[in-house]
Each structure stands twice: as C-alpha cells, then as structure tokens.
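Counting from 1, the numbers follow the sequence of the chain as shown.
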Amino acid sequence: MRLIVCVKQVPDTNEVKIDPKTGTMIREGVPSILNPDDVSALEEALRIKEEHHGSEVVVITMGPPQAKNMLRECLAMGADSAYLLSDRAFGGADTCATSTTLAAGIRKIGGGDIIFAGRQAIDGDTAQVGPQVAQRLNIPVVTYVQKVTVEEKRCIVERQLEDGYELIETKMPCLLTCVQELNKPRYMSIGGIVDAFEKEITVLTHKELNLTSEDCGLYASPTKVYRSFTPEMKGKGEMIAGGSVSEMSKILVNKLQEKHVL
C-alpha cells in the first residue's frame, strides 16, 4: 500500500507580526514549523504502514528550498521518501493554484492508495486544499477524519461533527483530511534523524510537473489577498459579579449610561 502525505511548512503563529505600513507578514526571524494537523496526518500514515507490512509512506510539499528542513523532520519520524515542489513559478499561489500543483506532483510520483492531508493550515485556515486536490485527482474525499480503519481496498472512517461523528466507508484511492484528535504523533528518534540526513529529497519544478507558468502560482490564482493586518487592541473588560441578576443588570445599565452607550 502506498500512502502519500501532503504537508506544509507554516510560520509559528505565536510569533507572527504584520508590518503596519505594508500590511504584509514580517517573516524575518519568524520560526517555521510543520503544520500541526499535517503531523497527525503523517502519524496516521505511519501507523497504517506498521499495520500493513510492505507499505510505504511518501511526503510531498510545495514550498521554498528551506522546506527541506521540514521534510527531513517527516523522514526522521519514519517517512520513506520526500518530494519538494519548488519553483519561482509557484510563488503567490492561492488554494486553487496550490491544489493544482500538488495534484500534478502526486500524479508525477505515481499516485497512492490513500492520500492524507491536515484538516487545514494554521497560516491560512481555509481547509480548501485537501478537497481541491481530491477533486483534481478525481478521487473520493472525507474531511475532518478522527479515526481510520483500513480494509481491503476501502477505508472506514469517523468524520468529526460538532455533536458526534459520521461513519463513512470509501473505496481507495481516496483522500482524507485529518484533525489533531485523530492520534498522538510520535517523536523523532535519534536513528531516524541520522537516517533522514542520508536520504535524498527530490525537488520538482513546474516543467517537470508538465505545468506552464500560467497553470500555477500567481497567474493561476483567482483570489488575491487585499490586506493583512493585526486587529487593534481593545480595552480590558470588566466583570460584574455578585448579587442577583436584577441587581447586576441595574449596575450594567448604569455603567452603559455613564459611557453614553444608552
């Protein structure tokens, strides 16, 4: 069984700062991490590999050359091979163009039985790329997966809902987007880290994916980011506690009248 995991290197959102003049992200000095939902997707692929002997786990990402560091983390966790789709032509891609490139990359490397992806990336929070990749590959997709059972040529999954879950059966090949509740990811081992630096990471450009510059990146992106900004800090709130609901309501009304809200 061949298991492909789509991963993404994202900025650590606890450290992100926005330039107030340009409205763009300040990337200098901002650490990058492996997207948390993607870690769960990778762990699930590794778990299934251990249950089904002879399986292989392949990780693939679209990003700049420095994304190799993230791919080596994936190899250190236990992935067998890694592919980096990196080209200036991919720059400025929205989810539509990104999914086009990833789908082309998956076709180039021969496809897989199950394609895993994180539910969403913490830098964009769109949850669009996984389903779009499945659409371009013309395969079934199940989102928000919190449990996976693999049988012969089919997957039985639990799809997370707000008040429970759906039980869905789908044939393979298929694409599953995973939530963090799916599992507890393993740590990299010392031996895995050593092996990761001995493995080669294959880099593919738009020409090797049989894409033109109009098929990917900014040119193929129908959506544009108009402005990014950090919301202004609001004043500290005040809690009204004690007494009956009627008494607290009177206090609230008085305070609102004092501020000329009422």
Side-chain angles (χ1 to χ4, degrees), residues 6-44 63 70 73 92-96 98-99 116-132 141-148 157-168 176-187 221-262:
C6 299
V7 295
K8 184 180 182 182
Q9 186 180 51
V10 296
D12 188 337
T13 51
N14 291 326
E15 301 292 337
V16 165
K17 296 180 181 179
I18 302 295
D19 188 321
K21 294 183 178 180
T22 64
T24 58
M25 184 184 299
I26 301 173
R27 293 185 177 273
E28 291 76 14
V30 178
S32 295
I33 59 174
L34 173 58
N35 184 56
D37 284 352
D38 298 349
V39 182
S40 296
L42 175 58
E43 172 60 32
E44 195 63 17
M70 173 204 63
E73 290 183 32
D94 66 357
T95 60
C96 181
T98 298
S99 62
F116 290 94
R119 169 193 54 178
Q120 62 191 49
I122 59 175
D123 58 347
D125 283 338
T126 64
Q128 295 174 355
V129 173
Q132 287 177 353
V141 58
V142 183
T143 56
Y144 296 84
V145 172
Q146 66 177 19
K147 184 178 180 181
V148 182
V157 304
E158 290 183 6
R159 182 175 185 269
Q160 187 181 81
L161 302 175
E162 289 184 1
D163 56 351
Y165 65 87
E166 291 178 326
L167 191 63
I168 299 176
L176 309 177
T177 72
C178 308
V179 297
Q180 292 186 55
E181 293 83 356
L182 176 60
N183 52 46
K184 183 177 180 180
R186 68 194 66 191
Y187 291 105
S221 300
T223 59
K224 303 289 186 294
V225 177
Y226 175 69
R227 184 166 66 102
S228 297
F229 63 95
T230 302
E232 294 182 5
M233 294 293 292
K234 295 182 179 180
K236 185 178 180 181
E238 180 181 347
M239 296 293 294
I240 299 175
S244 65
V245 174
S246 177
E247 292 172 342
M248 289 189 290
S249 298
K250 290 179 180 179
I251 295 173
L252 175 60
V253 170
N254 290 334
K255 288 183 176 295
L256 292 176
Q257 288 176 335
E258 289 174 4
K259 295 181 179 296
H260 303 289
V261 176
L262 295 179

inquiry  = One pair to check against side chain to side chain contact (heavy atoms under 4.5 Å, CB included): Leu176 and Val141. What are the steps and the verdict?
reply    = CA-CA 6 Å; Leu176 309 177; Val141 58; over 6 Å; no

Show the numbers, then the answer: is there a side chain to side chain contact (heavy atoms under 4.5 Å, CB included) between Tyr165 and Gln160? CA-CA 5 Å; Tyr165 65 87; Gln160 187 181 81; 5.6 Å; no

Q. Which is it for Arg119 and Thr143 under the side chain to side chain contact (heavy atoms under 4.5 Å, CB included) test, yes or no, and what are the steps along the way?
A. CA-CA 7 Å; Arg119 169 193 54 178; Thr143 56; over 6 Å; no

For this session: Determine, step by step, whether Glu43 and Lys184 satisfy the salt bridge (charged side-chain N to carboxylate O under 4.0 Å, His left out) criterion, reporting the C-alpha distance in whole Å, the side-chain angles of both residues, the deciding distance to 0.1 Å, and the verdict.
Result: CA-CA 8 Å; Glu43 172 60 32; Lys184 183 177 180 180; over 6 Å; no

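Here the CD1 atom belonging to Ile251 is positioned 6.0 Å from the CD1 atom belonging to Ile240, to the nearest 0.5 angstrom. Of the inter-residue distances, the one linking Gln180 atom CD with Asp37 atom CG reads 5.0 Å to the nearest 0.5 angstrom. Distance check: Ser40 OG to Asn183 CG gives 5.0 Å after rounding to the nearest 0.5 Å. Rounded to the nearest 0.5 Å, atoms OH (Tyr144) and CD (Glu162) are 9.5 Å apart. The line from NZ of Lys250 to OG of Ser244 is 8.0 Å long, rounded to the nearest 0.5 Å. Note: Leu167 CG to Glu158 CD = 6.5 Å, rounded to the nearest 0.5 Å.
Judged purely by atom type and a 3.5 angstrom limit, Glu44 has no side-chain atom pairing as donor or acceptor with the backbone of Ala41.
Between Cys178 and Phe116, some side-chain heavy-atom pair lies under the 4.5 Å cut-off. Side-chain atoms of Val7 and Leu34, non-hydrogen and from C-beta on, do get closer than 4.5 Å to each other. Two residues are said to be in side-chain contact when any heavy atoms from C-beta on lie closer than 4.5 Å; Gln9 and Ile33 fail this criterion. Lys147 places none of its side-chain heavy atoms less than 4.5 Å from the side chain of Val157. Using a 4.5 Å cut-off on side-chain heavy atoms (C-beta onward), Val129 and Thr177 make no contact. Between Thr126 and Gln120, the closest side-chain pair of non-hydrogen atoms is not below 4.5 Å. Annotation: side chain of Pro222 is in contact with side chain of Asp94 (closest heavy-atom distance under 4.5 Å).
Taking a cutoff of 4.0 Å between a charged side-chain nitrogen and a carboxylate oxygen, Lys255 and Glu238 qualify as a salt bridge.
Of the candidates Asp123, Thr98, Asp38, Asn35, Asp123 is the only one forming a side-chain hydrogen bond (donor to acceptor under 3.5 Å, both in side chains) with Lys8.
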